[in-house]
**Student:** 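The following block contains the structure, expressed as structure tokens.
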Amino acid sequence: MTTIFTKIIEKQIPADILYEDEKVLAFKDINPQAPVHFLVIPKKEIATTNDISEQDDALVGYMHRVAAKVASDLGVAQQGFRTVMNCNEHGGQTVYHIHLHVLAGKPLGWPPYTDVLKLE
Ligand code: 5GP
């Protein structure tokens, strides 16, 4: 399924691009949830974490290395950052092209949700 992220990859719509090579693209999130919030996406269309196949193992690992490299370039790697990949409705996914959120620039709370934990 083609999403708005494919349009960003193909430069049909603008984005604040932080890193790009033949495999991945990193760009600032349009609605930041932390002082630093960017996304790392594969150029290959993979809809959700559930759709990652064995042949994508290296690509998904590489996305994490790019996340750390861009965080380092932005000066936030040493203090730390959080990577998140939301999956489907309960995970809060809204764009069905996998993407690693990278959040940084302040201490991030844990757990990451604000509702009361109900175990039953
Ligand atoms: P999800 O909810 O799927 O985990 O995250 C999708 C993210 O993509 C959201 O944080 C949202 O702000 C971001 N986003 C959606 N559309 C655009 C866009 O057109 N440009 C950019 N830069 N970010 C987008």
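Every value quoted in this text rests on a predicted model; they were computed, and no experiment measured them. Atoms considered below: every heavy atom in the structure, side chains included; atoms not considered: hydrogens, waters and symmetry mates. In what follows, residues are counted from 1 in the order of the sequence shown. Numbering of ligands and ligand atoms starts at 1, following listing order.
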**Student:** Hey, which of L59, I9, L100 is the one that makes side chain to side chain contact (heavy atoms under 4.5 Å, CB included) with V24?
**Tutor:**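 When L59, I9, L100 are each tested with V24, the side chain to side chain contact (heavy atoms under 4.5 Å, CB included) holds only for L59.
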**Student:** Judging by distance only, is a nitrogen or oxygen of Q93 under 3.5 angstrom from one on ligand 1?
**Tutor:**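 Such a contact does not occur with ligand 1.
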**Student:** Under 4.0 Å, counting heavy atoms only: does H99 come that close to any atom of ligand 1?
**Tutor:** yes
**Student:** When you look for heavy atoms under 4.0 Å from ligand 1, do you find them on the side chain of I8, its backbone, both, or neither?
**Tutor:** side chain
**Student:** Can you tell me the protein heavy atom closest to atom 3 (O) of ligand 1 and the distance?
**Tutor:** T94 N, 2.7 Å
**Student:** Donor-acceptor pair, distance only, cut-off 3.5 Å: does the side chain of K23 make one with the backbone of K44?
**Tutor:** no
**Student:** Could you check whether the rings of F5 and F27 sit parallel, tilted or perpendicular, using 30° and 60° as the cut-offs?
**Tutor:** perpendicular
**Student:** Do the two ring centres, one from H99 and one from H101, sit under 6.0 Å apart?
**Tutor:**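 Yes.
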**Student:** Around atom 22 (N) of ligand 1, find the nearest protein heavy atom and jot down its residue, atom name and distance.
**Tutor:**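 Going by distance alone, atom 22 (N) of ligand 1 is nearest to K28 O, 2.9 Å.
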**Student:** May I ask you to decide if Q12's main-chain N or O and E10's side chain share a donor-acceptor pair within less than 3.5 Å?
**Tutor:**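 Not a single qualifying donor-acceptor pair exists.
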**Student:** Which heavy-atom pair separates I98 from T49 by the least distance, and what is that distance?
**Tutor:** CG2-N, 3.6 Å
**Student:** Contact between H101 and ligand 1, counting heavy atoms under 4.0 Å?
**Tutor:**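 A heavy atom of H101 does come that close to ligand 1.
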**Student:** Nearest heavy atom to atom 7 (C) of ligand 1: which of T48, V95, D29 does it belong to?
**Tutor:** D29
**Student:** K28 and side chain to side chain contact (heavy atoms under 4.5 Å, CB included): which single residue from I17, D16, V36 fits?
**Tutor:** D16
**Student:** What atoms of ligand 1 come within less than 4.0 Å of a heavy atom belonging to F27?
**Tutor:**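 Listed by number with element: 21 (C), 22 (N).
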**Student:** Does ligand 1 have any atom sitting under 4.0 Å from a heavy atom of G92?
**Tutor:**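 Yes, G92 has a heavy atom closer than 4.0 Å to ligand 1.
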**Student:** Write out the residue and atom name of the closest protein heavy atom to atom 16 (N) of ligand 1, then the distance separating them to 0.1 Å.
**Tutor:** I4 CG2, 4.2 Å
**Student:** What are the atoms of ligand 1, with element, lying closer than 4.0 Å to any heavy atom of N31?
**Tutor:** 12 (O)
**Student:** Could you tell me whether ligand 1 has any atom less than 4.0 Å away from a heavy atom of L39?
**Tutor:** yes
**Student:** Kindly give the heavy-atom pair with the smallest separation between L39 and H37, and that separation in Å.
**Tutor:**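 Taking L39 first and H37 second, the nearest heavy atoms are CD2-NE2, 4.1 Å.
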**Student:** Looking at V40 and M63, what are the two nearest heavy atoms and their distance?
**Tutor:**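 Shortest heavy-atom separation between V40 and M63 comes out as O-CE, 3.3 Å.
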**Student:** Have a look at ligand 1 and work out which part of I30, if any, has a heavy atom under 4.0 Å from it: side chain, backbone, both or neither.
**Tutor:** both
**Student:** With a cutoff of 4.0 Å, is F5 in contact with ligand 1, counting heavy atoms of the residue only?
**Tutor:** yes
